[in-house]
Amino acid sequence: MNNLLQNLTNVGKKILTESGVNDAINEAKIIIKKTLKRTELEFITYPNQEITSKQRKLILRNLIERTKGRPISKIFGFKEFFSNEFVVNKNVLDPRPETELLVELAIKEFFELRERKVSLLELGVGSGCVIISILLSIKKNKVSALGVDISDKALSVADKNIKKFKLEKSLKLKKSDWFSNVRGKFDIIVSNPPYVRTSEIEKLDKEVKLYDPFIALNGGLRGLGCFEKIAREAKCHLQENGIILLEIGFGQINSVKKIFEKMGYKTFLKEKDLQGIIRVVGFKLKKTLKVKAKVLTSNF
Ligand code: GLN
């Protein structure tokens with residue numbers, strides 16, 4: 001009696017509700033489905049199906065992990081992003097729905113550069129979900145792509161995803177502290193850098209503060225440290241008319257804009273996410289600067 005799927009769903013709902021999980025019923029169902037490797041249809045069709053006590057134990061163990069704050073993605077090692085399932089673990093930032101905007105806008109930019117081969121760089125590649133989603137949406141022979149990260153452990157997750165999506169030919173990975181190991185120039189640079197103020201990290205949900213890597217969240221005292229580094233170094237790595245697309249945090253638009261504009265960039269794009277928060281900002285180098293740079297190089 002106890003081991004009927006439906007009963008277990010109710011037990012799961014109760015356990016998760018008591019521990020403060022918002023969407024307890026849904027999450028309980030997902031945990032049960034994923035533990036049993038059932039499809040939605042199987043799950044709905046046979047609510048009175050009996051499960052073994054071993055399966056029950058596994059389900060309870062996963063429910064308890066969830067009560068500790070571990071997100072479902074990090075219990076099962078997968079997260080859906082931009083309609084694909086990515087390998088994730090504790091060494092990478094969990095792919096977030098708002099980051100899909102960065103992907104969408106980058107794809108749009110690709111279509112603008114229709115006629116030639118495009119070089120793409122992602123700084124802080126993490127699981128690879130951003131750059132891989134971009135590559136999966138465009139013609140692969142039109143792009144050469146590089147993803148860099150300071151974390152070896154993150155790079156190994158990105159590598160798994162590259163293999164999963166068979167992108168070994170078009171996407172390379174490299175260990176690099178922002179641009180420290182990057183050579184050459186790019187048409188499009190994308191990044192979702194760490195932008196949370198150090199003092200704010202403690203206040204984030206436990207799903208984030210306990211299960212996302214600190215290094216992927218920590219933007220320093222004002223949350224802007226990485227933007228300053230990127231603005232300083234990207235200049236030498238942008239093709240003529242090259243662009244940078246960045247994810248930013250709530251309320252950061254003016255500060256980030258100021259950082260880049262002070263360093264000779266112009267803002268060409270600001271885009272709100274579904275919650276109405278400006279989430280992605282795009283920069284180009286100002287033309288005047290480029291002309292100056294040309295004159296300089298031709299003098300040497
Ligand atoms: N959006 C994430 C959060 O608020 C932070 C991601 C980042 O720092 N890039 O938890």
Side-chain angles (χ1 to χ4, degrees), residues 20-23 68-74 79-82 86 88-106 121-134 147-151 153-155 157-158 161 176-179 189-231 233-234 244-257 259-260 269-283:
V21 172
N22 275 338
D23 197 5
K68 293 181 197 160
R70 189 187 291 273
I72 290 179
S73 55
K74 286 183 175 165
K79 172 90 176 207
E80 191 178 314
F81 179 82
F82 216 73
F86 288 87
V88 294
N89 66 21
K90 64 177 181 348
N91 301 306
V92 295
L93 190 80
D94 226 36
R96 317 253 203 279
E98 61 268 27
T99 304
E100 294 182 339
L101 183 62
L102 181 62
V103 174
E104 267 169 43
L105 294 170
L121 169 68
E122 183 177 6
L123 299 164
V125 71
S127 65
C129 67
V130 169
I131 198 163
I132 289 173
S133 301
I134 298 171
V148 301
D149 207 290
I150 194 172
S151 155
K153 289 178 175 164
L155 287 170
V157 177
N161 282 314
S176 182
D177 179 6
W178 302 111
F179 287 97
I189 298 177
V190 294
S191 186
N192 171 18
Y195 54 65
V196 184
R197 286 172 194 243
T198 312
S199 58
E200 295 289 320
I201 293 177
E202 249 320 287
K203 299 177 202 157
L204 297 173
D205 291 343
K206 53 186 179 189
E207 283 79 355
V208 179
K209 71 176 177 208
L210 298 181
Y211 295 96
D212 274 325
F214 179 81
I215 193 179
L217 295 169
N218 182 27
L221 200 62
R222 295 169 58 228
L224 301 169
C226 302
F227 297 114
E228 278 159 2
K229 277 192 197 154
I230 293 173
E233 298 175 35
I244 310 180
L245 292 177
L246 299 169
E247 178 173 320
I248 60 172
F250 173 74
Q252 289 184 326
I253 181 63
N254 288 337
S255 319
V256 175
K257 230 173 122 211
I259 292 170
F260 277 79
L269 175 145
K270 281 188 284 182
E271 199 76 30
K272 289 183 181 161
D273 65 14
L274 292 174
Q275 292 173 46
I277 295 167
I278 298 183
R279 187 58 70 185
V280 177
V281 58
F283 300 106

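Excluded from the calculations below are hydrogen atoms, water molecules and symmetry mates; all remaining heavy atoms, backbone and side chain alike, are included. Order of listing sets the numbers, starting from 1, for every ligand and every atom in it.
Closest approach of Lys74 to Pro213, counting heavy atoms only: NZ-CD, 4.5 Å. What you find for Leu101 and Lys272 is that their closest heavy atoms are CD2-O, 3.5 Å. Pairing each heavy atom of Asp94 with each of Asp212, the nearest pair is N-OD1, 2.8 Å.
Rounded to the nearest 0.5 angstrom, Lys68 NZ and Tyr211 OH are separated by 6.5 Å.
Atoms of ligand 1 found under 4.0 Å from any heavy atom of Glu98, numbered from 1 in the order shown, are 1 (N). Ligand-side atoms of ligand 1 in range of Ala216: 7 (C), 8 (O), range being under 4.0 angstrom from any heavy atom. Heavy-atom contacts of Asn192 reach the following atoms of ligand 1: 7 (C), 9 (N) (cutoff under 4.0 Å). Near Val208, meaning under 4.0 Å from one of its heavy atoms, ligand 1 places the atoms 10 (O). Atoms of ligand 1 found under 4.0 Å from any heavy atom of Pro193, numbered from 1 in the order shown, are 7 (C), 8 (O), 9 (N). Within ligand 1, counting atoms from 1 as listed, the ones closer than 4.0 Å to a heavy atom of Arg96 are 1 (N), 2 (C), 3 (C), 10 (O).
Distance alone, capped at 3.5 Å, is enough to place a donor-acceptor pair between the Gln252 side chain and the Gly249 backbone.
For Gly219, the closest heavy-atom approach to ligand 1 does not fall below 4.0 Å.
Look at Asp273 and Arg96 and you find no salt bridge, because none of the NZ, NE, NH1 or NH2 atoms lies under 4.0 Å from a carboxylate O.
Regarding atom 8 (O) of ligand 1, its nearest protein heavy-atom neighbour is Tyr195 N, 3.0 Å.
Contact of the Phe86 side chain with the Ser133 side chain is registered, since non-hydrogen atoms from C-beta on lie closer than 4.5 Å.
For atom 4 (O) of ligand 1, the nearest protein heavy atom lies 4.0 Å away or farther.
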